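Any value given below was found using the heavy atoms of this structure, including those in side chains, with hydrogens, waters and symmetry copies removed. Treat the numbers as computed from the prediction; the structure is a model and nothing was measured. The chains referred to below are lettered A, B, ... by the order of the sequence lines, with proteins before strands, and numbering in each begins at 1.
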Amino acid sequence: MGIKDLLRFMKPYILPIHIQKYAGKRVGIDAYSWLHKGAYSCSMELCLDTDGKKKLRYIDYFMHRINLLQHYEIIPIVVLDGGHMPCKAATGDERQRKRKANFDAAMAKLKEGNVGAATELFQRAVSVTSSMAHQLVEVLKSENVEFIVAPYEADAQLAYLSSLELEQGGIAAVITEDSDLLAYGCKAVIFKMDRYGKGEELILDNVFQAVDQKPSFQNFDQELFTAMCVLAGCDFLPSVPGVGISRAHAFISKYQSVERVLSVLKTKKGKLFPDNYSSSLVEAVSVFQHARVYDFDAKKLKYLKPLSQSLLDLPVEQLEFLGPDLTPSVAAAIAEGKVDPITMEAFNRFSVSKTPLKTPVRSFKEQEKSGSFLERIELKRTADEAMIDPEAVLKEPKYSKQDLDLHKLVLQPNKDQMVIRTGNPSLIPNNNPFKIRKTDEMNMESEEYGLQQLKVSFGTKSEGMDVSCSSPNSKEHDCSEGQKEVIIDLSKLVDDSGVKQDCEKNREEEGFESTEDDVVEIQGHVNITTKRVRGAKPRTESFKVKTSSTCSENKKAKINKKSSILDFFHRL
DNA sequence: AGCTAGTACTCAC
DNA sequence: GTACTAGCT
């Protein structure tokens, strides 16, 4: 939702620019915007979780834009969303239901054979999942693109980076579609950046300094501006009925103080003014000012802006609304993309895996991002696959039978079973001209993700879980085109043979040859204690962990398409 | 004039 | 998440 009507209201201050303006500078990117847009190019594939490269087109979209920035010598800093703020309004159930309805309608159209109508409906059903985010993180890692997973809102983290000096790792501007960045006090924000690098920019200082410009913010400071945003209605607090951006601005201009505006509003609105509105507004403004963010240098959480005395006087428990505190190690693990910020599960070396949470209440964003029905994830792109004719892919008859099977899985998301198909995560779209990968880097990564990953925690209550996953030994990079397949049988609830067969079938279809020779297996037990920092009770669970790796050596030679940056821009 | 609520859109072969 | 708009106060 952002700040209701803020961008329209601020239109006079929003000017067209080209990102070239930021050549040589560091620029922050609100990953959610691009993930969401990119998802449109493959919404059906994402919803159905089909196998194949088309599902990863959102990565293509994202990386093409990263490449665009790099072409203009901009240093992109990708910021991803982390956990959810406790105070976030629970407006999501409605959207979630709509998505589900669109998904069901899309499946119906698909059964009828009306692919066009289905595609349209899938576009309304698609949402950004944490699997997608993590998949992106893996590609960013492999491409050496700087990224950070915010402890909570990416917006707050971006605003924090924007407040830092360049030498401290600060950024000169933020690219986003979200008006919240302004409420957080981001100095320079670029909206609606297109594929050529054109966008619309708002410089906050220009707003405060402008004379003879309407609407006028001459007597505003950042706090009043943020208060205006909250009054107009934001994610943390809906506005008082009848108050929108114009009236919010008028009130703040006139009374120059949050307290006075609130008391006037109270007498004016009478019964329409909610009892706890004043305290909620002050809290919401505080979140925009002091939200918890990650300090990359100190490697711990800190506040976007140092706490005021009145906040410092509060007992620590009452500061939870700024984002619950996280221990430095947890905060760092989240920031570096090693731990899922919502479930607190360690990410698998190759992919994301998790069952839907069984906690009674899940917020909208939580459901949206943790992938309510997209529990299967694949990263199995190979160079071979990249050679497949797109036409042929489209003609594959998989949309009939296989998707019905998938649909069953979708309708029973609680089944404690999933199949994770993984491949070399470093493989980025083959049409990607900036694919430069150094082998030693890859090996370093593999070490970093080594056996410690056996200590992963799994956020389920299942017992006796068998985890088969690819062993991250250095060898596998010698056969980076090889494919790994992981099957997790979390319970005996479901007969897994069907799924396994599907996998085998896929392997054949894709010409995958598994050689038993290089299968490595490690088996053992690990005891895991998961400390759920946000609200839930700590758990200790015991899992049987089995690791195996399958690599195929005799893969076709990689296509050595010499794709230069110029090639890429010619295609644009 | 401004707020509310409903609809349409984001990609790109 | 946004933009646009018809209809209401």
Side-chain angles (χ1 to χ4, degrees), chain A residues 1-11 14 29-47 52-65 68 80-81 88-89 91-92 94-96 98-99 102 115-116 119-128 132 153-155 158 174-184 189-196 199-200 202 214-215 228-229 231-235 238-251 265 268-269 272 364-365 368-369 388-395 429 431 571-572:
Chain A
M1 199 164 64
I3 309 298
K4 220 188 284 171
D5 285 330
L6 182 63
L7 292 187
R8 190 182 48 79
F9 190 71
M10 300 303 290
K11 205 79 184 184
I14 299 177
I29 290 144
D30 182 7
Y32 183 86
S33 316
W34 288 0
L35 281 173
H36 199 251
K37 282 187 175 178
Y40 269 76
S41 61
C42 50
S43 52
M44 171 147 55
E45 289 73 16
L46 285 168
C47 285
K53 66 172 182 176
K54 202 183 171 188
K55 202 179 77 179
L56 291 174
R57 276 210 330 220
Y58 69 94
I59 299 278
D60 288 23
Y61 175 87
F62 203 106
M63 296 311 286
H64 270 287
R65 290 192 165 210
L68 175 77
L80 297 101
D81 280 291
K88 201 116 184 178
T91 53
E94 187 62 33
R95 277 197 208 182
Q96 185 71 26
K98 278 187 178 170
R99 262 198 285 273
N102 282 316
V115 184
T119 306
E120 207 169 298
L121 288 160
F122 277 128
Q123 289 188 339
R124 298 180 193 190
V126 78
S127 63
V128 177
M132 290 166 66
E153 305 263 292
D155 302 352
L158 286 160
V174 170
I175 300 171
T176 185
E177 302 300 322
D178 190 348
S179 57
D180 274 344
L181 268 294
L182 301 175
Y184 278 107
V189 188
I190 299 162
F191 300 100
K192 300 174 185 68
M193 195 197 90
D194 67 15
R195 57 176 157 166
Y196 308 106
E200 300 177 357
L202 190 145
K214 276 198 288 186
M228 176 194 79
C229 292
L231 280 168
C234 65
D235 285 351
S239 69
V240 174
V243 177
I245 189 68
S246 297
R247 285 178 189 149
H249 175 261
F251 279 128
L265 212 51
K268 225 173 188 167
K269 291 287 171 181
L272 288 172
F364 159 58
K365 269 209 166 173
E368 183 173 59
K369 290 187 182 175
I388 291 171
D389 175 16
E391 291 294 319
V393 174
L394 284 169
K395 283 171 194 154
N431 61 353
R571 279 200 293 279
L572 282 178

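The side chain of A/Arg65 approaches B/dC11 more closely than any other nucleotide in the set C/dG1, B/dT4, B/dC11. Side-chain proximity of A/Lys4 to the nucleotides B/dT4, C/dT2, B/dC13 is greatest for B/dT4.
Backbone-only contact: A/Ser179 has heavy atoms under 4.0 Å from sugar-phosphate atoms and none from a base. Nucleic acid contact class of A/Ser246 (heavy atoms, under 4.0 Å, all strands): sugar-phosphate only. A/Gly38 comes within 4.0 angstrom of nothing in the nucleic acid, heavy atoms only.
Taking the side chain to side chain donor-acceptor pair (under 3.5 Å) definition, one finds that A/Thr176 meets it with A/Asp30, sequence neighbours left out. A/Lys269 is linked by a side chain to side chain contact (heavy atoms under 4.5 Å, CB included) to A/Val240, A/Val243, A/Leu265, A/Leu272, A/Phe273, counting only residues two or more places apart in sequence or in another chain. In this view, A/Glu120 and A/Arg124 satisfy the side chain to side chain contact (heavy atoms under 4.5 Å, CB included) rule, not counting sequence neighbours. For A/Lys4, the side chain to side chain contact (heavy atoms under 4.5 Å, CB included) test picks out A/Ser239, with sequence neighbours left out. A/Lys98 meets the salt bridge (charged side-chain N to carboxylate O under 4.0 Å, His left out) test with no other residue; sequence neighbours excluded.
In terms of position along DNA chain C, the nucleotide closest to A/Asp155 lies nearer the 5' end than the nucleotide closest to the other residue of the pair A/Asp155 and A/Asp5. Comparing A/Arg124 and A/Tyr61 along DNA chain B, the residue whose closest nucleotide (by nearest heavy atom) sits nearer the 5' end is A/Arg124.
Closest non-hydrogen pair, A/Tyr58 versus A/Ala39, comes out as CB-N, 3.8 Å.
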Just the table, please: protein N/O against nucleotides 6-9 of chain C N/O, every pair under 3.5 Å.
none

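Checking the phosphate oxygens (OP1, OP2) of C/dG1, no side-chain nitrogen or oxygen of A/Thr176 falls inside 4.0 Å. A sub-4.0 Å separation between OP1 or OP2 of C/dA3 and a side-chain N or O of A/Lys192 is present. When the side-chain nitrogen and oxygen atoms of A/Lys37 are compared with OP1 and OP2 of B/dC9, none of them lie within a distance under 4.0 Å.
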